[in-house]
Trainee: 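Just passing along the structure, written as structure tokens.
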Amino acid sequence: FVVAADKLLKEKGTMAIVIPEEFFVGGGAKSVRNFIFNGYSLQFVIRSGVEIAFSESALYRDYLVVLRKGKPVKRVVVIILKKKLEELRDKINELTYKVTQFMNSLDFKVTEEEFDAIKFSDADKLIMKHINNLKPLVGFNSIEAQLFALELLNEIKGFPTIKELRESKLLDLKLYRPGQYRARGVESFAEKLFTSKYGARSPNVKFIIEHIKENKVRLRLKEKLSMFVDLPIESTVPSLRTYSGVTFMDLTGKEEVAIIDVTKIPEHTLKLSGLIPLEKVSAAAQDIKEAYKDLSGNILIARRIQLTSPGAYWLAFYSDNRVLGSQLPSIKVKKGIYGKLLTLYLNSIAGLLQVLSFVAESRGAWVSLDHERVWSNLHVPLLEKQKKSVLKKCLELFDKIKKFDVRPLFERVKSHDPIQREIDELALEMLGLNHWKPRLDEIYNAVAKELETMHKILETSRKKP
């Protein structure tokens, strides 16, 4: 539609479109973004702060975008509606007047009963800087959270991104999709070979870990709770299938396992678990084995997550052992202490603000943290240049966190949790942003407001027909 409309427009013509989230964040839409922003100026972006979409019955985020053919138009106005469309239908002329007044004023933000708006005067630079993912420009429901995020991104722009560290081979970031590494057509079997210790609601969970001791793994069949199977530990590899319900950041010795040798499982047990035919199951096990060698890491990060879920405790998990995630991206670092340092940082408010800046919103608080489009954009501190005092604090905090039953992520932010504050102050110290420490309460309030709005939108979208 965008390309077709371009053929009809004269210079200085206007294009107004309702366009899905993919336009701003999707890898597949990058060519469209490059085409548009090479010949058009973005003038307005309107998103709803109370509904998921403008399109009727849509369950996924979309935006109203207004573009002008030709350059230059420097200013971009981003508008967040605070009321449902049906409540605004009789006020269109009034709202248009308010927005026009704001656009022509010297103010850089405005708060009205019906909407909040923010104005970017250097929009071209911002667009080109974030052309791979434009969510920092348009992705927030709270202007307060957006301003903190943009300020943070500006202050830490000199630090390398995860993508840059990956390209320099200082760390590795990879994702394993079960049954899709060396093999093909065995995805469902590979998923069933990932056992569960924390969340067993998925229909693909067939084995629940009873215990691991004396180099043996005892598994209980989900379908027959009274049936058990014992496997040698070498028939498995450390793994994790979900972030949900994992209350500790340090997974060492608490990992789940994935099965890499199905010959140790009795034939009747395989049949009962739907693991037939044997040749496909064996291919799936081999796929996991090869993936563990090449794709596992000491850090696992969340990929698809409901940020406000009571089961979401951390965005990143560390283990002294290499762990293979099922659809959880892994990061491999050279030294264990750097892994702990990076894990703490990714779980800090500095990490969360950046995640919110680049996140691909699926349905409100239910988001996609793609390792290429989201995590790769995060700026991280120079781990090898941290002071010994910071390294010491890191290890002490890691040990301290093990001894506490932490609250879910959303609750920690909302309540200004002291454990979260310790992580955040350490992260700011790593970045050399000690002057941000007195602002943490303001940041918590802004991020909590953003997450609450995302949660309300999620609940609204669930009620749609």
Side-chain angles (χ1 to χ4, degrees), residues 25 27 30 128-133 152-153 155-178 180-182 237-240 249-252 255 258 287-303 314-348 350-351 354-355 357-360 368-388 390-391 394-395 398 426-427 429-432:
V25 71
K30 185 180 177 182
M128 288 303 107
K129 180 181 177 182
H130 297 293
I131 192 69
N132 290 326
N133 185 330
L152 177 67
L153 288 172
E155 288 225 30
I156 64 176
K157 63 186 178 184
F159 289 97
T161 63
I162 289 178
K163 180 182 179 181
E164 289 166 345
L165 291 174
R166 182 187 188 185
E167 290 170 347
S168 303
K169 302 192 183 305
L170 294 173
L171 58 74
D172 209 356
L173 172 64
K174 292 181 177 176
L175 171 69
Y176 176 56
R177 293 182 172 88
Q180 298 182 48
Y181 183 52
R182 299 291 189 194
V237 292
S239 67
L240 190 68
M249 188 169 29
D250 190 348
L251 276 175
T252 307
E255 305 92 346
D287 193 71
I288 294 172
K289 185 177 181 179
E290 294 293 327
Y292 181 77
K293 281 190 229 173
D294 300 339
L295 308 182
S296 61
N298 301 99
I299 301 172
L300 292 180
I301 47 182
R303 184 167 176 265
W314 305 104
L315 294 175
F317 305 88
Y318 170 83
S319 175
D320 288 338
N321 306 307
R322 283 170 54 191
V323 185
L324 183 66
S326 173
Q327 300 279 8
L328 296 174
S330 69
I331 298 176
K332 192 188 299 182
V333 291
K334 292 182 178 179
K335 292 186 180 180
I337 190 166
Y338 293 162
K340 292 181 179 181
L341 211 65
L342 183 56
T343 304
L344 278 171
Y345 175 76
L346 295 177
N347 283 308
S348 72
Q354 291 183 79
V355 163
S357 298
F358 296 105
V359 69
S368 173
L369 307 182
D370 184 86
H371 66 301
E372 299 286 3
R373 293 183 289 175
V374 180
W375 287 108
S376 287
N377 288 305
L378 266 66
H379 293 268
V380 298
L382 299 169
L383 303 176
E384 70 280 3
K385 293 187 178 180
Q386 295 299 318
K387 296 177 183 176
K388 288 184 179 179
V390 173
L391 298 180
C394 167
L395 294 176
F398 242 83
L426 181 56
E429 208 169 318
M430 290 185 219
L431 293 167

Trainee: Of all residues at least two apart in sequence or in a different chain, which pass the side chain to side chain contact (heavy atoms under 4.5 Å, CB included) check with Ile131?
Mentor: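 Checked Ile131 against side chain to side chain contact (heavy atoms under 4.5 Å, CB included); matches are Arg33, Asn34, Phe37, Ile127, Met128.
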Trainee: For Thr252 and Asp250, which I'm curious about, is there any donor-acceptor pair between the side chains at under 3.5 Å?
Mentor: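 Side chains of Thr252 and Asp250: pair found under 3.5 Å.
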Trainee: Apply side chain to side chain contact (heavy atoms under 4.5 Å, CB included) to Val380 and list each qualifying residue two or more places apart in sequence or on a separate chain.
Mentor: Ile162, Leu165, Leu342, Tyr345
Trainee: Look up atom OG in Ser357 and atom CG in Leu152, then write down how far apart they are to the nearest 0.5 Å.
Mentor: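 The CG atom of Leu152 is 7.5 Å from OG of Ser357, to the nearest 0.5 Å.
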Trainee: What distance do Ser376 atom OG and Asp370 atom CG have between them, rounded to the nearest 0.5 Å?
Mentor: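 If I round to the nearest 0.5 Å, the distance is 8.0 Å.
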Trainee: Is it true that a side-chain atom of Asn298 and a backbone atom of Tyr318 form a donor plus acceptor pair closer than 3.5 Å?
Mentor: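 Judged by distance alone, no pair lies under 3.5 Å.
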Trainee: Quick test of your reading of the model: are Lys174 and Asp172 salt-bridged, counting only N-O distances below 4.0 Å?
Mentor: yes
Trainee: Got a sec, which residues hit side chain to side chain contact (heavy atoms under 4.5 Å, CB included) with His379, two or more places apart in sequence or on another chain?
Mentor: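 Testing His379 for side chain to side chain contact (heavy atoms under 4.5 Å, CB included), a comparison that skips the adjacent residues, returns Leu153, Ile156, Phe159, Thr161, Gln354.
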Trainee: List in chain and number order the residues that pass side chain to side chain contact (heavy atoms under 4.5 Å, CB included) with Glu290, two or more places apart in sequence or in another chain; answer none if no residue qualifies.
Mentor: Tyr181, Arg182, Gln286, Lys293
Trainee: Look only at the side chain of Ser319 and the backbone of Asn321, and say whether a donor-acceptor pair between them is shorter than 3.5 Å.
Mentor: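 Yes; judged by distance alone, with no hydrogens or angles, the pair exists.
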Trainee: Phe358: which residues meet the ring-ring contact (aromatic ring centres under 6.0 Å, His included) condition with it, sequence neighbours left out?
Mentor: His130
Trainee: Does Asp287 offer a backbone N or O that forms a donor-acceptor pair with the side chain of Tyr292 under 3.5 Å?
Mentor: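 No, the answer is negative, given that no donor and acceptor are paired below the 3.5 Å cut-off.
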Trainee: Could you note down all residue pairs passing salt bridge (charged side-chain N to carboxylate O under 4.0 Å, His left out) where residues 156-169 supplies at least one of them, sequence neighbours left out?
Mentor: Arg166-Glu372
Trainee: How many angstroms lie between SG in Cys394 and NZ in Lys388, if you round to the nearest 0.5 Å?
Mentor: 15.5 Å
Trainee: Once rounded to the nearest 0.5 Å, what's the spacing between atom CG of Leu175 and atom CG of Leu328?
Mentor: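 Output value for this atom pair is 8.5 Å.
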Trainee: Side chains of Glu255 and Ser239: any donor to acceptor distance under 3.5 Å?
Mentor: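 Checked: Ser239/Glu255 side chains show no N/O donor-acceptor pair below 3.5 Å.
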Trainee: To the nearest 0.5 Å, how far apart are OG in Ser330 and CD1 in Ile301?
Mentor: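 Reported to 0.5 Å precision, the distance equals 8.0 Å.
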Trainee: Look up atom CG in Leu324 and atom OH in Tyr176, then write down how far apart they are to the nearest 0.5 Å.
Mentor: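 Rounded to the nearest 0.5 Å, the CG-OH separation comes out at 6.5 Å.
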Trainee: I'd like to know if the side chain of Trp314 reaches the main chain of Thr343, judged simply by a donor and an acceptor atom lying under 3.5 Å from each other, with no hydrogens or angles considered.
Mentor: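 No; judged by distance alone, with no hydrogens or angles, the pair does not exist.
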